[in-house]
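The next block holds one structure in the form of structure tokens; read it before the comments.
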Amino acid sequence: ALGRGGLEALQHTVGSVLSSYGWYMLLAVVAVYLLVQKVSRSLAARPSARPGAAEAAEEPDVVVRRQEALAAARLRMQEELNAQAERYKEKQRQLEEERRRQKIAMWESMQEGKSYKGNLKLNQQEVESGASASAVPKSKPNKKPLRGGGYNPLSGEGGGTCSWRPGRRGPSAGG
């Protein structure tokens with residue numbers, strides 16, 4: 001057993017070592033702690049990687065199936081797009097044929113010396129009614145003029161109390 005003097009000597013030795021090398025020991029303990037954490041994480045990740053190797057062996061089949069499904073979906077979408085394009089082209093051909101017929105009718109009526117404007121309006125109304133049978137024609141509301149008939153901006157009369165004033169100078173005005 002150590003006596004009282006031995007204990008004091010031990011405390012003095014430990015105190016002097018801590019005062020001299022305390023910060024170094026603290027940094028060494030923190031470094032060891034971080035090293036242990038990193039090693040434990042890498043060990044924890046390794047066992048999960050081994051079952052992942054079995055999944056990786058099956059994964060090429062899954063990837064191939066997924067790619068085939070994507071290719072099939074793209075093919076279906078492309079076929080649908082092609083069908084829509086064909087319908088659009090057919091509709092455009094029909095409209096172009098109708099316009100051609102109208103031009104021919106207009107030319108024939110001009111050759112006979114008749115007015116073609118009235119005939120053209122009738123043909124356009126027939127085409128519009130045929131093309132949009134379900135559409136309801138919109139009636140325009142009665143438009144009233146924005147200013148009265150006596151307004152003349154050049155004379156300055158009839159404009160009411162409005163007069164032109166120059167705009168305020170802004171930051172973009174040159175100096």
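Taking Q92 as the reference, Y88 meet the side-chain hydrogen bond (donor to acceptor under 3.5 Å, both in side chains) condition, with sequence neighbours excluded. Contacts of E97 classified as side-chain hydrogen bond (donor to acceptor under 3.5 Å, both in side chains), with partners at least two apart in sequence or in another chain: R100. Listed by chain and residue number, R99 satisfy the side-chain hydrogen bond (donor to acceptor under 3.5 Å, both in side chains) test with E96 (two or more places apart in sequence, or in another chain). Scored by the side chain to side chain contact (heavy atoms under 4.5 Å, CB included) test, E80 finds Q84 as partners (sequence neighbours excluded).
Under 4.0 Å is where a charged nitrogen must lie from a carboxylate oxygen, and between E79 and R76 no such pair does. Salt bridge absent: R65 and E68 never bring a charged side-chain N and a carboxylate O closer than 4.0 Å.
By the criterion of side-chain heavy atoms lying less than 4.5 angstrom apart, applied directly or through intervening Ile, Leu, Val, Met, Phe, Trp or Tyr residues, V36 is not grouped with L27; the two fall into different hydrophobic clusters.
Remark: the backbone N or O of V39 is paired with a side-chain donor or acceptor of S42 at under 3.5 angstrom.
Hydrophobic cluster of L26: the remaining members, joined at side-chain heavy-atom separations below 4.5 Å, are W23, listed by chain and number. Through direct or relayed side-chain contacts under 4.5 Å between Ile, Leu, Val, Met, Phe, Trp and Tyr, I104 connects to no other residue.
If you check the side chains of N82 and Q78, you find a donor sitting under 3.5 Å from an acceptor.
Note that CD of E86 and CZ of R93 are 6.5 Å apart. Values are rounded to the nearest 0.5 Å. Taking CG of L95 as the reference point, atom CD of E90 lies at 10.5 Å (rounded to 0.5 Å). Between the NZ atom in K38 and the CG atom in L35 there is a gap of 8.0 Å [rounded to 0.5 Å]. To the nearest 0.5 Å, atoms CG (L70) and CG (L75) are separated by 12.5 Å.
Within 6.0 Å of atom CZ in R66, 12 or fewer heavy atoms from other residues, nucleotides or ligands are found, so the atom counts as exposed in its surroundings.
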Please report the C-alpha distance between E8 and H12 in whole Å, then the side-chain angles of each, then the deciding distance to 0.1 Å, and finally whether the side-chain contact (heavy atoms from CB on, under 4.5 Å) criterion is met. CA-CA 6 Å; E8 286 180 15; H12 179 65; over 6 Å; no
